[in-house]
2 protein chains.
Amino acid sequence: MLRITKITDYGFILLAHMANQDQELLHNAKDLSAAIGIPLPTVSKVLKILTQGGILKSHQGSKGGYTLGKPAAEITAAEIIEAVEGPVAITDCSSAEGCERNCVVSSSWQQVNTAVIGALSGLTLDDMSHG
Amino acid sequence: MLRITKITDYGFILLAHMANQDQELLHNAKDLSAAIGIPLPTVSKVLKILTQGGILKSHQGSKGGYTLGKPAAEITAAEIIEAVEGPVAITDCSSAEGCERNCVVSSSWQQVNTAVIGALSGLTLDDMSHG
DNA sequence: CCAATTAAGACTAAATAGGTCTACTATTTT
DNA sequence: AAAATAGTAGACCTATTTAGTCTTAATTGG
Ligand code: SF4
Ligand code: SF4
């Protein structure tokens, strides 16, 4: 339906919240849950995924938490979406796997896909967190 | 997952096929199914949806069929997607209904959404059917 | 009337997404 | 060393969406 998933959306909200504060500060899942108003188990899941995708760095143990993996100005929307839901591909044929039915509209979709990725790559977390 | 649905994809294939021929010609579902290699019930469903969305015109009865509702150069990809899956909205907040959680990243998404709609509006069926 | 063809919508099954939970590992504090 | 805190991994169930088919009705040409 040409829409990002809720998990991805939550990811952006969490990351924007973190970007709006001291970037050295460790945020734990519980506090983030309270601050954002999303249930703790869900917040934990999102943070875990973002860490696996390399967007966040984690510190385990008591007094642990998460920080941004790099400056907010260097994290793009495209990267975040890729980390959560995999490569952006409007159609099957614009993904790595491709599509066996190599039809006439395929090349147009690839152009659209490239344009979308371009728009998402030009938008940084820093831009987004300032509203 | 930021992807168009299969039904929408089929719609583009069917429309491109029709655009590549005499635009006055009536195409019936059976012939289109054979030409494109998609099962008849599915083709019928897609054609019905496209007609309801105003992209196609239909002629009922024996010797009936479908034609484009207007010249291929005047039908945009944005229109086709809207006809099949409703308004393009990357996030809840970029749709008509909106989102109760009016968060800080919302305005950025609206910009992205506008950019995507712009890209899709600049692409016509005529463009797409020429490869 | 009869045959062909679209129209409307119900229906089932499959895939995806959303959310929660439990058990485990690592770190700090006492 | 023990306890408390916090992330890790992954299973799990449910709800929603999507895909595809089917049945029945309505329309038109001959
Ligand atoms: S090749 Fe054609 S059928 Fe396959 S995904 Fe691309 S547009 Fe769709
Ligand atoms: S307002 Fe925020 S939470 Fe709601 S859809 Fe937009 S980005 Fe997501």
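The chains referred to below are lettered A, B, ... by the order of the sequence lines, with proteins before strands, and numbering in each begins at 1.
Axis deviation across the helix from C:dC1-D:dG30 to C:dT30-D:dA1 amounts to 10°, comparing end segments of five pairs, rounded to 10 degrees.
Contacts between residues 1-19 of chain B and DNA chain D, defined by a heavy-atom separation below 4.0 Å, involve B:T5, B:K6, B:I7, B:Y10, listed by number. Of the residues in residues 78-105 of chain B, none lies under 4.0 Å from DNA chain D by heavy-atom distance.
What you find for B:C103 and A:I13 is that their closest heavy atoms are SG-CG1, 4.0 Å. Contact between A:G11 and A:L50 at its shortest, heavy atoms only, is CA-CD1, 4.0 Å. Residues A:R3 and B:S95 approach most closely at NH2-CB, 4.0 Å, considering heavy atoms.
With salt bridges taken as basic N to acidic carboxylate O contacts below 4.0 Å, one links B:E79 and B:K70. Salt bridge status for B:K6 with A:D92: absent, with no side-chain N to carboxylate O gap under 4.0 Å.
Nucleotide C:dA3 holds its C1' atom 12 Å from the NZ atom of B:K30, rounded to whole Å. Between B:L32 atom CG and C:dT5 atom P there is a gap of 12 Å when expressed in whole angstrom units. For the pair A:I49 CD1 and C:dG19 P, the computed distance is 12 Å after rounding to whole Å. If you take CG of B:D31 and C1' of C:dA4, they are 12 Å apart, rounded to a whole angstrom.
Contact of the A:L14 side chain with the A:V46 side chain is registered, since non-hydrogen atoms from C-beta on lie closer than 4.5 Å. In this structure, A:L15 and A:I80 have side chains that are in contact, with non-hydrogen atoms separated by less than 4.5 Å. Residues B:H27 and B:Q21 are in side-chain contact: their nearest non-hydrogen atoms beyond the backbone lie under 4.5 Å apart.
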Let me see the working for B:L125 and B:M18 under side-chain contact (heavy atoms from CB on, under 4.5 Å), right down to the final yes or no.
CA-CA 10 Å; B:L125 179 55; B:M18 293 171 75; over 6 Å; no
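Linking Ile, Leu, Val, Met, Phe, Trp and Tyr whenever their side-chain heavy atoms come within less than 4.5 Å leaves A:L26 and A:I36 in two separate clusters.
Checking the phosphate oxygens (OP1, OP2) of C:dT6, no side-chain nitrogen or oxygen of B:T51 falls inside 4.0 Å.
With sequence neighbours excluded, no residue satisfies salt bridge (Lys or Arg N to Asp or Glu O under 4.0 Å) with B:D127. Looking at residues two or more places apart in sequence or on another chain, you find a ring pair (Phe, Tyr, Trp, His ring centres under 6.0 Å) between A:F12 and B:W109.
No hydrogens or angles considered: a donor-acceptor pair under 3.5 Å links the side chains of A:E85 and A:T5.
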Each nucleotide of nucleotides 20-30 of chain C classed B (base within 4.0 Å of a protein heavy atom), S (only sugar-phosphate) or -, in 5' to 3' order, makes B-----BBS--
